[in-house]
Amino acid sequence: MARANAAYYAGCDPFADFITAPEISQMFGELLGAWVAVVWDRLGRPDPFMLVEAGPGRGTLMADAQRLLRRVAPACHKAMRLHMIETSPRLRGVQAHALRDATAVPVCWHGDLRDVPDGPMVLLANEFLDALPIRQFVRRGQGWVERFVRDGAFMHAASDFPAGHPACVRPVPEGDVLETCQPALDFVHALGTRLLRWSGAAALIDYGYDAPAWGDSLQALRDGRPTDPLQGPGSADLTAHVDFRAIADHVPRGVEVWGSVTQGDFLAALGLAARTEQLARAAPAQADEIRAAAMRLAAPDRMGQLFRVMGLSSGLAGDLPGFVGRRAGDGTGRGKTR
Ligand code: SAH
């Protein structure tokens with residue numbers, strides 16, 4: 001599955017198969033640009049700081065964020081060093097093109113977060129974690145077997161079940177599926193370690209769940225429609241829902257974890273309604289379209305509920321914008337610092 005998805009992102013145009021939030025409306029990238037500026041201020045205006053995006057796709061989110069930062073937060077824009085984490089050479093080219101007009105600053109690409117230079121960091125990741133490869137385990141009797149793909153079909157084989165997984169302490173019905181995504185856990189661990197060391201913050205946006213959950217969430221999309229994940233490896237986008245609880249559990253102690261909150265609540269807190277009306281007034285002929293795009297991003301029956309946002313921070317004065325409070329956990333109501 002891992003190789004099929006790497007081949008897919010390297011060779012296909014993902015955005016023919018699905019549409020992401022920044023492709024729906026410029027407001028998504030603009031609001032995240034404003035988020036970056038406020039976060040930078042609450043970090044004590046570090047100069048320089050790394051603005052990093054993981055899995056930037058077509059580069060639309062960052063291009064919209066850059067246009068906003070240049071216009072309304074020039075000091076932040078000046079202090080920023082722009083770094084993209086992207087493995088697909090073809091998408092790096094698309095991103096370079098998108099950013100050429102949006103920003104005057106140089107852009108550096110990396111294959112891994114560990115290659116980004118040292119220093120305070122603000123990181124954005126939209127639909128990045130869901131693209132990382134998962135493993136699936138199926139309950140059989142008192143144990144687990146792992147589901148693999150071989151010769152175009154699913155097969156099961158004995159395998160080491162991840163030690164210490166919460167599933168070990170709960171009864172799980174026969175045949176239930178458990179998913180793990182070690183690359184996502186490794187990513188947040190490396191990210192948290194960096195934030196602790198040099199300060200910074202991150203917004204991780206993805207569709208997923210934030211409570212213990214079972215079930216097979218692997219899905220493949222081709223031409224915007226669900227398709228068989230086993231057909232034509234490398235020709236369809238493979239994704240799985242993100243387990244935000246597991247993500248939060250892998251953030252190093254000392255990093256503050258915020259949310260997760262729904263994308264609808266996050267965008268509302270960042271001022272989606274005001275920005276929608278501002279754009280609608282400026283372009284009355286497109287007002288309906290602009291309002292429809294805002295609905296699509298934030299309404300609970302569209303992307304507003306299924307998509308969630310988790311924040312991480314270290315060295316921040318005050319709250320992380322967009323979140324009501326630190327992740328609850330110690331029963332004090334104040335939330336806990338991990
Ligand atoms: N953030 C974009 C696109 C999400 S698609 C948007 O909102 O539109 C997932 C992106 O992650 C693609 O750019 C893909 O090439 C990239 N990607 C997938 N696996 C990766 C990995 N292991 N390391 C870095 N980038 C990866």
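Indexing begins at 1, ligand by ligand and atom by atom, following the structure's order. Numbers here simply count residues along the sequence, with the first being 1. Keep in mind it's a predicted model, so treat the numbers as computed, not measured.
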Within the 4.0 Å heavy-atom cut-off, what Thr60 brings close to ligand 1 is neither
Going by the 4.0 angstrom heavy-atom rule, the piece of Asn126 near ligand 1 is both
So the atoms of ligand 1 within less than 4.0 Å of a heavy atom of Pro22 turn out to be 6 (C), 7 (O), 8 (O)
Is Gly55 in polar range of ligand 1, meaning some N or O pair under 3.5 Å apart?
-> yes
### Query
Quick check: are there more than 12 heavy atoms from other residues, nucleotides or ligands sitting under 6.0 Å from NE2 of His156?
yes
Original post:
Is ligand 1 less than 4.0 angstrom away from at least one heavy atom of Leu61?
Top reply: no
Sequence neighbours excluded, the answer for ring-ring contact (aromatic ring centres under 6.0 Å, His included) partners of Phe244 is none
Look only at interatomic distance and state if Ser88 has a nitrogen or oxygen under 3.5 Å from any nitrogen or oxygen of ligand 1.
no
Which word best sums up how the rings of Phe307 and Tyr207 line up, parallel for under 30°, tilted for 30 to 60°, or perpendicular for over 60°? tilted
- Query: Does Glu86, backbone or side chain, put an N or O under 3.5 Å from an N or O of ligand 1?
  - Reply: yes
Under 4.0 Å between heavy atoms, the region of Leu91 that gets near ligand 1 turns out to be side chain
Problem set entry | Connected via hydrophobic side-chain network under 4.5 Å: Leu306 and Phe266 | yes
Of Asp206, Asp265, Asp210, the one forming a side-chain hydrogen bond (donor to acceptor under 3.5 Å, both in side chains) with Ser260 is Asp210
Atoms of ligand 1 under 4.0 Å from any heavy atom of Gly57, numbered from 1 in the order shown, are 2 (C), 3 (C), 13 (O)
Atom CD of Gln278: over 12 foreign heavy atoms under 6.0 Å:
yes
Check your understanding: Under 3.5 Å, is there a donor-acceptor pair between the side chain of Gln95 and the main chain of Gly57?
Key -> yes
